[in-house]
There are 2 protein chains.
Amino acid sequence: MARQRAFDRDTALHSAVLAFWRHGYEATSVAELTAAMGIRPPSLYAAFGDKRRLFEEALGLYQETYGAFTARALAEEPTGRQAIERVLREAATEFSAPEHPPGCMVVSAGVNCGPESAEVQELLRRQRERTKAAIQARFDDDAAAGRLPPGTDTAALATYYAAVLQGMSNQARDGASPEALTELAALAMRAWPATAAA
Amino acid sequence: MARQRAFDRDTALHSAVLAFWRHGYEATSVAELTAAMGIRPPSLYAAFGDKRRLFEEALGLYQETYGAFTARALAEEPTGRQAIERVLREAATEFSAPEHPPGCMVVSAGVNCGPESAEVQELLRRQRERTKAAIQARFDDDAAAGRLPPGTDTAALATYYAAVLQGMSNQARDGASPEALTELAALAMRAWPATAAA
DNA sequence: GTTCTTCTGTATCGATCACTACAGAAAGAG
DNA sequence: CTCTTTCTGTAGTGATCGATACAGAAGAAC
């Protein structure tokens with residue numbers, strides 16, 4: 001029927017992920033995006049709508065790839081404690097891997113945005129809250145199974161570990177090594193409430 | 001001799017602190033700054049040089065006022081443990097105080113900057129490292145005095161608490177209450193190494 | 001081949017960016 | 001008063017922002 005796209009949409013989207021991850025939403029210009037994606041502005045707008053919708057798609061791809069280790073650990077580990085311990089341990093490696101920008105895109109890509117990108121900030125904030133809620137859900141399982149002391153505030157515990165993850169992302173952006181982040185993760189696990197019986 | 005300035009320089013600088021604190025360095029435009037400071041661009045440039053130097057001065061004022069609680073706690077408390085415990089406790093209140101933007105300006109004002117503001121990012125990064133080093137120095141005192149188990153990695157401990165502080169700043173920016181942050185701080189203190197003798 | 005549709009590249013839109021030229025106004029020196 | 005100096009407001013600099021108008025090119029239907 002018509003002319004077909006001359007570039008691979010998924011490859012271009014992946015390049016956009018890396019660009020947004022490195023400099024954040026606002027600081028990544030369309031000119032920088034088109035250069036990274038190897039296309040011209042009209043192709044970008046035809047394929048992705050506008051900069052905001054491109055970011056939304058990029059964030060989705062990030063979650064399914066680089067950021068998927070969190071959901072995987074939370075789903076696969078038998079206990080909340082083992083789940084969060086694995087999340088922190090894998091984050092230490094992922095956040096400082098040299099193959100891609102440091103830290104976590106969900107944590108850092110929307111920090112310094114003006115009011116005109118309030119939608120994007122809100123999108124990221126909701127994602128951070130979803131992660132925190134998923135962590136707390138596993139802790140609630142532990143509490144229900146008696147693996148946490150009676151009366152443990154699982155919401156506060158989830159907030160604590162969410163903050164540690166965000167702090168690890170910041171440290172990685174400041175150049176922390178995988179080893180330093182792994183030590184950090186191990187220290188953070190010492191805050192886990194002691195159970196009376198094993 | 002000559003016409004004198006029609007605005008109060010310190011008051012204007014304080015307004016600049018709040019503007020930079022809220023939206024970060026790059027996302028705060030000169031137009032927004034002049035509006036917040038109640039002056040016109042030529043007055044800003046005559047009094048402060050340019051946007052970057054205004055930010056440097058604003059950061060200095062922030063450190064002497066809103067951000068001074070950290071240095072104060074580290075200087076005044078008798079032990080490293082008491083110092084970091086007070087830093088976290090006061091940060092819980094300061095980061096979520098309704099009188100000013102949430103979180104810590106040193107943590108959040110330079111996150112999403114492009115390469116053209118590398119100097120500002122580096123300025124903030126160095127400040128974060130100074131704070132981490134100041135924390136570790138107090139931990140080293142504790143280690144030398146036998147208040148920490150032999151062989152304790154004080155650098156890793158300082159990295160951990162620096163990350164917790166940054167995570168608390170992020171949580172505050174996401175709307176965490178002073179109470180939630182205080183609970184977070186208390187949990188973070190549970191990672192403190194147990195000493196064999198008291 | 002012709003037609004239709006969609007993509008691509010050039011070149012540009014108005015708006016905003018950090019920043020400043022310029023002229024008038026204000027205040028002390030004489 | 002005049003002179004000198006510095007500040008203030010208006011207005012506008014070139015550059016870049018996100019986003020597009022337009023025309024030509026590409027490919028399938030016929």
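Values below: every heavy atom of this structure, side chains too, minus hydrogens, waters and symmetry copies. Proteins come first, then strands; the chains are lettered A, B, ... in the order of their sequence lines, and each starts at number 1.
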Original post:
Can you say whether the rings of B:His100 and B:Trp21 are parallel (under 30°), tilted (30 to 60°) or perpendicular (over 60°)?
Top reply: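 Plane angle under 30°, so parallel.
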Original post:
Which class fits the ring pair B:Phe48 and B:Phe7: parallel under 30°, tilted 30 to 60°, perpendicular over 60°?
Top reply: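 Aromatic pair B:Phe48/B:Phe7 classed tilted.
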**OP:** Return the value, rounded to whole Å, for the distance between atom CG of A:Leu54 and atom P of D:dA19.
**Re:**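 About 10 Å, once rounded to whole Å.
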**OP:** Check the distance between D:dG18's P and A:Asp50's CG and give it to me in whole angstrom.
**Re:**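 Whole-Å distance recorded here is 11 Å.
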Subject >> Test: B:Arg89 and B:Glu85 ion pair at under 4.0 Å >> reply: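 Salt bridge present between B:Arg89 and B:Glu85.
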Original post:
Taking NZ, NE, NH1 and NH2 as the nitrogens, is one of them in A:Glu57 or A:Arg52 under 4.0 Å from a carboxylate oxygen of the other?
Top reply: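 No, no charged N to carboxylate O under 4.0 Å.
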**OP:** Under 4.0 Å from any heavy atom of chain B: name the first and the last nucleotide of DNA chain C that qualifies, 5' to 3'.
**Re:**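 Listed 5' to 3', the contact boundaries are C:dC17 to C:dG28.
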Original post:
Among residues 15-24 of chain B, which contact DNA chain D at a heavy-atom distance under 4.0 Å?
Top reply: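 Residues of residues 15-24 of chain B that come under 4.0 Å of DNA chain D do not exist, since none gets that close.
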Original post:
When you measure from every atom of DNA chain D, which of residues 34-49 of chain A have a heavy atom less than 4.0 Å away?
Top reply: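 When residues 34-49 of chain A is checked for heavy atoms under 4.0 Å from DNA chain D, the hits, listed by number, are A:Pro41, A:Pro42, A:Tyr45.
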**OP:** Nearest-nucleotide wise, let me know which of B:Phe7 and A:Arg3 is further upstream toward the 5' end of DNA chain D.
**Re:**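 In this pair, the answer is B:Phe7.
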Original post:
Per the side chain to side chain donor-acceptor pair (under 3.5 Å) rule, which among B:Arg126, B:Arg125, B:Arg128, B:Gln121 passes with A:Asp174?
Top reply: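 When side chain to side chain donor-acceptor pair (under 3.5 Å) is applied between A:Asp174 and each of B:Arg126, B:Arg125, B:Arg128, B:Gln121, only B:Arg128 qualifies.
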**OP:** Decide yes or no on salt bridge (Lys or Arg N to Asp or Glu O under 4.0 Å) for A:Arg86 and A:Glu90, but give the supporting numbers first.
**Re:** CA-CA 6 Å; A:Arg86 174 172 154 194; A:Glu90 295 190 358; 2.9 Å; yes
Subject >> From CA spacing to verdict: side chain to side chain donor-acceptor pair (under 3.5 Å), A:Gln166, A:Lys132 >> reply: CA-CA 11 Å; A:Gln166 292 167 357; A:Lys132 193 201 289 193; over 6 Å; no
**OP:** Could you check whether A:Thr28 gets within reach of a base, just the sugar-phosphate, or nothing at all, counting any heavy atom under 4.0 Å?
**Re:**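 Sugar-phosphate, backbone atoms only, no base.
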Original post:
Does a donor on one side chain sit under 3.5 Å from an acceptor on the other, for A:Thr79 and A:Asp142?
Top reply: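 Result is no, nothing qualifies.
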**OP:** Could you tell me the separation between the CG atom of A:Leu123 and the OH atom of A:Tyr25, rounded to the nearest 0.5 Å?
**Re:**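 So the gap between those two atoms works out to 10.0 Å.
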Subject >> Ring centres under 6.0 angstrom apart (A:Trp192, A:Phe139) >> reply: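 That pair passes the under 6.0 Å test.
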**OP:** Decide whether a cation-pi geometry holds between B:Lys51 and B:Tyr45; the criteria are a distance under 6.0 Å from NZ or CZ to the six-membered ring centre and an angle within 45° of the ring axis.
**Re:**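 Checked: cation-pi criterion not met.
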Original post:
Given that B:Gln4 and A:Ala6 both sit by DNA chain C, which one's nearest nucleotide is further toward the 5' end?
Top reply: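 With B:Gln4 and A:Ala6 compared, the 5'-side residue is A:Ala6.
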